[in-house]
2 protein chains.
Amino acid sequence: MRKIVLASTSTLFGQDYLTYLEPAIRELFAGIPEIVFIPYARPGGISHDDYTARAAAAFAAWGIQVRGLHTFPDPEVAIRHAAGYFTGGGNTFLLVKQLHENKLMDLLAAEVEGGKPYLGTSAGSNIGGVNMQTTNDMPIVYPPSFQTMDLVPFNLNPHYLDPQPDSGHMGETRETRIREFHTQQNIPVVGLREGSWIEVKGTEITLRGNGSARIFKAGHEPYEMPSGGNLSLI
Amino acid sequence: MRKIVLASTSTLFGQDYLTYLEPAIRELFAGIPEIVFIPYARPGGISHDDYTARAAAAFAAWGIQVRGLHTFPDPEVAIRHAAGYFTGGGNTFLLVKQLHENKLMDLLAAEVEGGKPYLGTSAGSNIGGVNMQTTNDMPIVYPPSFQTMDLVPFNLNPHYLDPQPDSGHMGETRETRIREFHTQQNIPVVGLREGSWIEVKGTEITLRGNGSARIFKAGHEPYEMPSGGNLSLI
């Protein structure tokens, strides 16, 4: 049975790394002593070692060992042998480029579809969608493809922000950007606000966490989905 | 002599389209009765016709005719024969994809390097940089390359926004994103706030408009460049 958590963010304002996700993470990885961490997104340019250490420190409190994918001699073998996965946030272009170049994107998707638990935050959640084309990140590298794992039948927009009508700033709002996406593609988009995550158990896809999510579909007005809502029906 | 204006935005809050740029535009296109408008970036999914009409209405008041590039049977011939160019904002990925697919990127750059005046706003300014990899836009389409016209020896970040330290939002700030770019590439980046533009006259590259710009260089702390500052020296 598929077991997946795709979270908008790793960290809530004023809290420690992953703390708000502790119950979801404990349930997701119950009985699993060690997982593989995928540090490729490198938030702020942090090294793979330092990023893995940050994840390992958080998971240690829950009795789960974390090993960085970059420390294995063969990342394909590491993905095949792992019991579970966590992909941290950062830059989605960096993450997707390395997953494709190392031929890991489809392999990781197959392992997760086969039932190995997967946790993603931010960029690590973006790759759970059909493609990465609703990321907020800068295209700092050129990936060979924008295709991602397609674990859910929609795209994600993590860190979703509502338009601020009284802002004098003339840059596009997040809603405007997602509407522009829908001039090109018909894939639904879940605007996932901080504090929200998507839980997949088998074929059930449920919105969890505090607050609602904003659902965008091509040709329709966006609408709100409350926490607990069924995302497999959008 | 090269004559180029690369503006952060087309429109200041509460003003009409292009109004704040009128003196710069009149000087740039002095003596030129008709220019070609490149509508490919399609802000908000607007049609090429409607977008061109918006530009034409603004330029009509200044006695300059505007014709959309999409209305010519052969866009390469249109670029070769045009007396000047304006590329409007919207989605940089859409714009760059179509310029490359229509084999216009290098051609347009060559015509502008040869002295034909060029105006860009937002996405239309991004393509004046070395590459489009510091755009704020969503990757709604997959361009064959991120390379742009390289009219100036740096990249632009239009609609530049300063970090808001008291925001509870955990998404990356613009500064964080540009620092991540510099973990991958050494090209300097000009964070161009709304109301600012870059003026190129021959080899002189000058910051114009209200307020300063934020200059980012790999391995250095970012700093402010005042209006009137020499951008050829960064």
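Chain naming here is simple, since letters A, B, ... match the order of the sequence lines and numbering starts at 1 in each. Bear in mind that the values here come from a model prediction, so they are computed numbers and not experimental data.
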- Heavy-atom check, side chain of A:W62 versus side chain of A:L18, under 4.5 Å: yes
- Query: Can you tell me if A:R177 and A:N136 form a side-chain donor-acceptor pair at under 3.5 Å?
  - Reply: no
- Task: Evaluate the ring planes of A:F146 and A:F93, with Trp represented by its six-membered ring, and classify them as parallel (under 30°), tilted (30 to 60°) or perpendicular (over 60°).
- Result: perpendicular
- According to the interplanar angle, ranging from 0 to 90°, do the rings of B:Y51 and B:F37 count as parallel (below 30°), tilted (30 to 60°) or perpendicular (above 60°)? perpendicular
- Without swapping roles, check the side chain of B:Q133 against the backbone of A:P139 for a donor-acceptor pair under 3.5 Å. yes
Does any backbone or side-chain atom of [X] lie under 4.5 Å from a heavy atom of chain A? Answer side chain, backbone, both or neither.
X      : value
B:E180 : both
B:L94  : side chain
B:S145 : backbone
B:N131 : neither
B:R179 : neither
B:R193 : neither

- Among the listed options B:S8, B:G89, B:G44, B:S122, the residue most often paired with chain A at heavy-atom distances under 4.5 Å: B:G44
- Query: What do the steps show when you test B:T87 against B:Y40 for side chain to side chain donor-acceptor pair (under 3.5 Å), and what is the final call?
  - Reply: CA-CA 8 Å; B:T87 306; B:Y40 291 160; over 6 Å; no
- Query: Picking from A:T134, A:T176, A:N91, A:T183, which has the most non-hydrogen pairs under 4.5 angstrom with chain B?
  - Reply: A:T134
